[in-house]
K.L.:
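The structure that follows is given in the form of structure tokens.
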Amino acid sequence: MLDYIVKSTVYDGMVRAYAASTTYTIEEARKRQDTWATATAALGRTLTITGLMGAMLKGEDTLTVKVEGNGPLGAIIADGNAKGNVRGYVIQPHVDFPLNEQGKLDVRRAVGEEGTLSIVKDLGLKEYFTGQVPIVSGEISEDFTYYFANSEQIPSAVGAGVLVNPDHSVLAAGGFIIQLLPGADEEIVTKLEKQVETFPQISTLIREGNHPEQILQKLFGEEPVHIHERLPIHFQCKCSKERIENAIKGLGKEEIKEMIEQDHGAEATCHFCNEVYHLTETELESLLKDLS
Ligand code: ZN
């Protein structure tokens with residue numbers, strides 16, 4: 001079954017709970033970016049949470065996430081939208097460390113323990129929401145939990161995990177975001193805090209074959225979970241030859257002339273999906289014509 005996000009509410013609508021399976025999405029990102037295991041986990045957790053946050057948007061809204069730590073990854077950049085499309089990359093994909101003391105991929109070491117997590121939401125009509133918080137953990141999920149509490153003032157529990165096979169392909173990936181909505185009373189807060197403490201590892205639940213619906217039910221135990229929507233999620237890039245041509249036009253006539261005379265063509269690679277675009281001399285000449 002392909003990846004999808006489940007949107008639900010719990011506790012009579014006082015709590016919003018989203019869960020996602022993202023194994024195929026993260027494997028696609030890994031193949032495109034050639035990430036090594038620890039980098040795959042860091043990118044995968046970020047992409048999963050970006051996908052879940054995208055699912056909270058409406059219509060044509062989009063969001064961009066930047067995790068800029070002082071670790072060897074450099075930075076993680078991801079974006080997503082309300083339609084379940086995500087894409088993203090890390091500056092240095094060839095990062096891999098031995099497992100940490102808990103036997104898990106050492107994401108903190110790859111990301112770094114200092115830096116910033118910033119989010120920009122493009123809400124259309126030139127309306128932007130931006131939030132930035134310091135990195136508090138480097139494990140990604142905790143950093144987003146901190147972001148929601150401090151930048152959006154929404155008490156949240158965030159979890160995302162990626163398990164990698166010995167051949168570096170993705171074995172299991174997924175995540176959840178649980179948020180207290182306005183009006184939630186103290187009793188619910190206490191119950192939820194207890195449940196969050198005993199949550200099983202999300203990546204283990206996915207590996208065991210649980211669907212997002214089953215994950216939500218496991219997280220909340222006896223409590224009824226009201227499912228509102230299922231949204232497919234996949235790795236999808238917005239790049240196209242036309243966009244690349246426009247970017248080249250932006251470089252100006254002189255630059256394009258040089259490409260024609262010296263290189264007899266041009267090649268450009270999309271950071272997000274690693275697609276390579278080739279432009280022939282003739283194509284560059286027609287760009288020049290457009291500019292004159
Ligand atoms: Zn692309």
Side-chain angles (χ1 to χ4, degrees), residues 2-5 20-37 39-55 57 59-68 73-95 110-111 117-124 128 140 160 162 164 168-170 173 175 231-252 255-256 259 263 265-280 283-284 286-287 290:
L2 292 176
D3 296 335
Y4 62 99
I5 296 170
S21 56
T22 55
T23 308
Y24 299 96
T25 307
I26 307 311
E27 172 62 4
E28 181 68 23
R30 180 199 70 86
K31 282 195 285 191
R32 287 184 174 272
Q33 304 293 343
D34 189 32
T35 46
W36 292 359
T40 303
L43 176 62
R45 289 181 193 178
T46 307
L47 278 174
T48 298
I49 297 168
T50 302
L52 288 162
M53 288 181 74
L57 300 173
E60 300 298 316
D61 299 353
T62 60
L63 87 155
T64 302
V65 170
K66 266 189 205 155
V67 183
E68 294 174 286
L73 278 184
I76 310 167
I77 293 105
D79 64 30
N81 62 21
K83 300 177 179 92
N85 299 327
V86 289
R87 58 176 194 164
Y89 64 99
V90 294
I91 301 290
Q92 177 46 264
H94 294 166
V95 174
V111 170
L117 163 62
S118 47
I119 312 247
V120 178
K121 293 182 191 175
D122 181 349
L123 307 172
Y128 293 93
I140 306 292
V162 177
V164 173
H168 278 198
S169 62
V170 175
L231 177 72
I233 173 170
H234 22 67
F235 188 100
Q236 191 164 319
C237 198
K238 296 183 261 201
C239 68
S240 63
K241 189 144 186 185
E242 199 187 340
R243 278 177 186 243
I244 297 284
E245 285 174 348
N246 283 332
I248 290 177
K249 273 191 205 169
L251 297 173
E255 196 91 359
I256 299 176
M259 288 175 183
D263 308 325
E267 191 181 283
T269 307
C270 172
H271 287 305
F272 279 98
C273 67
N274 261 342
E275 190 76 43
V276 181
Y277 292 89
H278 299 277
L279 278 90
T280 61
E283 285 170 321
L284 287 171
S286 89
L287 294 187
D290 290 350

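Counting starts at 1 for both ligands and their atoms, following the listed order.
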K.L.:
When rounded to the nearest 0.5 angstrom, what distance separates CZ in Phe235 from OG1 in Thr25?
P.N.:
9.5 Å

K.L.:
Going by the rule side-chain hydrogen bond (donor to acceptor under 3.5 Å, both in side chains), which residues pair with Lys83 if we only count those two or more places apart in sequence or in a different chain?
P.N.:
Glu60

K.L.:
What are the protein N/O/S atoms, named by residue and atom, that sit under 2.8 Å from the Zn ion (ligand 1)?
P.N.:
Cys237 SG, Cys239 SG, Cys270 SG, Cys273 SG

K.L.:
Charged N to carboxylate O below 4.0 Å: is that the case for Glu28 and Arg32?
P.N.:
yes

K.L.:
Using modelled atom types only, decide if a donor and an acceptor are shared between the side chain of Gln33 and the backbone of Arg30 within a distance under 3.5 Å.
P.N.:
no

K.L.:
Is the closest basic N to carboxylate O distance between Lys249 and Asp290 below 4.0 Å?
P.N.:
yes

K.L.:
Does Phe272 reach the side chain of Asn274, with side-chain heavy atoms less than 4.5 Å apart?
P.N.:
no

